Asks: 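Next up is a structure, given as structure tokens.
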2 protein chains.
Amino acid sequence: MATPLRLQTLEPRMARLCLEVESFAREPFGSPPPLPRLQGGRLLLSLSGGVDSTALAVIFACLAPRLEATLFAAHLDHGLRGESVEDAAHVAELCDRLGIHLTSERRDVAGLAAERKIGVEEAGREARTELLERVRRDCAADVILQGHQLDELAEDMLMRLIRGTGWPALAGMEAWDPARNLLRPLLLTPKSELADLVRSVGLTWREDATNADPGCTRNRVRLDILPRIAVENPKFPETAGGLWKLARLDAAYWEERMASVPLHHDRDGISIHSPALREAPMALRLRVLKNAVESAGPGQPLLDSLRNLDRAVMEKRTGVVVQLPGSKEARVERDRVRIVPGKMSR
Amino acid sequence: MATPLRLQTLEPRMARLCLEVESFAREPFGSPPPLPRLQGGRLLLSLSGGVDSTALAVIFACLAPRLEATLFAAHLDHGLRGESVEDAAHVAELCDRLGIHLTSERRDVAGLAAERKIGVEEAGREARTELLERVRRDCAADVILQGHQLDELAEDMLMRLIRGTGWPALAGMEAWDPARNLLRPLLLTPKSELADLVRSVGLTWREDATNADPGCTRNRVRLDILPRIAVENPKFPETAGGLWKLARLDAAYWEERMASVPLHHDRDGISIHSPALREAPMALRLRVLKNAVESAGPGQPLLDSLRNLDRAVMEKRTGVVVQLPGSKEARVERDRVRIVPGKMSR
């Protein structure tokens, strides 16, 4: 068997890459506390066998001695493509080579999709989430690590822009989600550097053939639109990473500000104390109202509806009712705004 | 001569379009006061002869009686294309038809570019701005109106995303710039509706052949990238308009917040009182620091430099110097941060 991978024996550029990932993982930019527990922790890697997750395994295998961390891995064989057996074999071999304890599981994702009446992609996501959560508990892992990288972040940002997501969510997925113990330590690392790293240690990865299928928006964005953007700005993923950092700062800021105008949940729905709302600036008021409407059930309000509601609250027009998507409605009462969920208002 | 255009004789859909433009022009979303003076005002239209500015002339000719406004127009014949004489003739005929007093001027923009050592596009912009400002004074006009529309806003947003512009400037140009008396009343109106309007009153417009030239980024964005985005979301310009509204709200908010941590200008540069800065949240501190650095001369700071500087200020590390682009530097003093411009610091 080959000698174990060590940070010290990597090419200097590759060792630097690992240390940058470590530094980002220890303190993901603008993330809310509690920060992920890495030092002395039990880390569960989500491995598909693609270049990103192969690099994730290599990087954390090299960092494990420094972090005094114990590594585990989980792989879902979704049984959808003929090659999925080979993907699972690749991941098994990789974990064997790196000395990582692997839980690999085959699941009939197509069957699950039919059973739950959802799309195959969503079923795959659900099955993977379930497996990761189960393995995390079984291994008593502190953190789940996923391999999303900078090129995917740029892709995500562009998709959100195209379908219309407000700021700061526009900037894409989070690096650290404490509620799900989920960390994406490669989020600001370009895919090309991950590929270089995997090659530099003499390993390979599996290509996901479905990534070339122009039948879904994500692939069209990656294959048709991003290459045209790269012509204008070859460093577009890094540019997107900069915008992501700004968004993290603003997200942390607005989260804190929104806590100053709390939502009250009772059996009639959700209400907000109007005097507190009236003291807030408009950029905060509309965010609070949007959050209240979305918390009351499915259906996203348009900005223009929120502005109408806001105007009624500011002008103390008690009795005004604003209709909202999902057959929800907002009522301006004497000293509160009440959002009534769809079912109960009928 | 044809009968004059009137709001009352337009098709209902077109009359509604004019009234929507009026309502947006009276109160451009989230714009800072003073609002543009339209009622009883003297309005100067910037006309190129393209579909947008032809529609602008039609709409304001129809609105003028309601607004009790007097209309003027200015056209710059930049002498760059063979067709520029015909463009000027089209604008002259249009203004004649609509009863608008026109100032049309021919200028050797290529010569101006050589003389000022700038690009032809920039020279055209400068010549147009100079003409508009001169005509505005000559006519004692209150407001200059430009024809930028929603499709251009979406184009602008995408270009800013590609080259990397922070929030909220990411969302594109302003509808109302009080410092330049400049109003863009069509900014949330799709181009197709403007074309429908011009056709519905039996008028034509001039196509700018340079719009099809793939030699500049803007045209590649419009011709190559936006059509691919339209496949995913045919209403993308409207989606971009929604994001623009959010950005206006946030811009107004941050402008007000930034005024709470003022910059002091003296002969040594720009300084900020550190105790005031330390009380602000990070999203505000970094914006104030960025504004200070940009106010001190050319060169845009990276977010990471701003964070280093911010950390030094928060930790009261008196004496720390942070190097900044444009050979500017930031010095942490006892109770202020000082930004020293490039030339003076050498």
Side-chain angles (χ1 to χ4, degrees), chain A residues 29-30 154 157-168 170-171 214 216-218 220-221 223-233 235-236 238-254 256-257 280-287 290 302-304 306-307 310, chain B residues 29-30 154 157-168 170-171 214 216-218 220-221 223-233 235-236 238-254 256-257 280-287 290 302-304 306-307 310:
Chain A
F29 193 99
M157 187 180 295
L158 202 55
M159 285 183 66
R160 286 170 189 238
L161 175 74
I162 292 172
R163 70 166 176 251
T165 309
W167 182 260
L170 173 69
C216 78
T217 298
R218 178 172 289 278
R220 285 192 301 268
V221 165
L223 303 171
D224 275 5
I225 300 181
L226 281 170
R228 288 180 163 82
I229 288 179
V231 170
E232 311 304 332
N233 176 6
K235 291 269 183 194
F236 177 67
E238 284 81 350
T239 297
L243 194 62
W244 179 87
K245 288 182 180 176
L246 290 176
R248 286 298 109 206
L249 275 175
D250 277 12
Y253 175 76
W254 288 114
E256 201 185 308
R257 288 295 314 260
M282 204 207 275
L284 179 58
R285 294 198 307 269
L286 296 186
R287 282 176 162 93
K290 180 170 188 287
L302 288 173
L303 184 59
D304 289 337
L306 294 175
R307 278 186 85 212
D310 179 61
Chain B
F29 193 99
M157 187 179 297
L158 203 54
M159 284 183 67
R160 287 170 188 238
L161 175 74
I162 291 172
R163 72 168 176 250
T165 309
W167 181 260
L170 173 70
C216 78
T217 299
R218 179 173 288 280
R220 286 192 300 270
V221 165
L223 302 171
D224 274 4
I225 301 180
L226 281 169
R228 287 180 165 80
I229 288 179
V231 170
E232 311 304 331
N233 176 4
K235 290 269 184 194
F236 177 67
E238 283 81 349
T239 297
L243 194 61
W244 179 87
K245 288 183 181 176
L246 289 178
R248 287 297 111 209
L249 275 176
D250 276 12
Y253 175 76
W254 288 113
E256 202 185 307
R257 286 299 310 260
M282 203 206 279
L284 178 58
R285 295 198 308 269
L286 296 186
R287 282 176 162 94
K290 179 170 189 285
L302 289 173
L303 183 60
D304 290 337
L306 294 175
R307 278 187 86 211
D310 179 60

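No hydrogens, no waters, no symmetry mates; every other heavy atom, side chains included, goes into these values. Every chain is numbered from 1, with letters handed out A, B, ... down the list of sequences. Predicted model, so just to flag it, every value in this text is computed and none were measured.
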Asks: Taking it one step at a time, do A:Leu284 and A:Trp254 satisfy side-chain contact (heavy atoms from CB on, under 4.5 Å)?
Replies: CA-CA 8 Å; A:Leu284 179 58; A:Trp254 288 114; 4.0 Å; yes

Asks: Mind ranking A:Met282, A:Arg220, A:Glu256 by heavy-atom pairs under 4.5 Å with chain B and telling me who comes out on top?
Replies: A:Arg220

Asks: Closest approach of B:Ala171 and B:Trp244, non-hydrogen atoms and distance?
Replies: O-CD1, 3.3 Å

Asks: Would you name the heavy atoms of B:Pro227 and B:Asp224 that are closest together and state the gap between them?
Replies: CD-C, 3.7 Å

Asks: Write down the atom of B:Ala283, the atom of A:Leu249, and the distance for their closest heavy-atom approach.
Replies: CB-O, 4.1 Å

Asks: Side chain, backbone, both or neither: which part of B:Arg163 has a non-hydrogen atom closer than 4.5 Å to chain A?
Replies: backbone

Asks: Checking A:Ile229 against chain B: side chain, backbone, both or neither under 4.5 Å from a heavy atom?
Replies: both

Asks: Counting only non-hydrogen atoms closer than 4.5 Å, does B:Leu246 touch chain A with its backbone (N, CA, C, O), its side chain (CB onward), both, or neither?
Replies: both

Asks: Where is the tightest heavy-atom contact between B:Met157 and B:Ala240, given as atom of each residue plus distance?
Replies: CE-O, 3.2 Å

Asks: Before you tell me yes or no, could you show the steps for A:Phe29 and B:Leu303 under side-chain contact (heavy atoms from CB on, under 4.5 Å), namely the whole-Å CA-CA distance, both residues' side-chain angles and the distance that decides it to 0.1 Å?
Replies: CA-CA 11 Å; A:Phe29 193 99; B:Leu303 183 60; 4.0 Å; yes

Asks: So which part of B:Leu243 gets closer than 4.5 Å to some heavy atom of chain A, the side chain, the backbone, both or neither?
Replies: side chain

Asks: Which heavy atom in A:Asp310 sits nearest to a heavy atom in A:Arg285, and how many Å separate them?
Replies: OD1-NE, 2.6 Å

Asks: Measure B:Leu161 against the heavy atoms of chain A and call it side chain, backbone, both or neither at under 4.5 Å.
Replies: both

Asks: Looking at chain A, which one of B:Asp304, B:Asp250, B:Val221, B:Leu170 has the largest number of heavy-atom pairs inside 4.5 Å, strictly under?
Replies: B:Asp250

Asks: For B:Arg248, which atoms come within 4.5 Å of any heavy atom of chain A: side chain, backbone, both, or neither?
Replies: neither

Asks: Side chain from CB out, backbone as N, CA, C, O: work out which of these in A:Leu302 comes under 4.5 Å of a heavy atom of chain B, or both, or neither.
Replies: neither

Asks: Check each atom of A:Ile162 against the heavy atoms of chain B and say whether the ones under 4.5 Å are side chain, backbone, both or neither.
Replies: both

Asks: So which part of B:Leu158 gets closer than 4.5 Å to some heavy atom of chain A, the side chain, the backbone, both or neither?
Replies: side chain

Asks: Can you say whether the rings of B:Trp167 and A:Trp167 are parallel (under 30°), tilted (30 to 60°) or perpendicular (over 60°)?
Replies: parallel

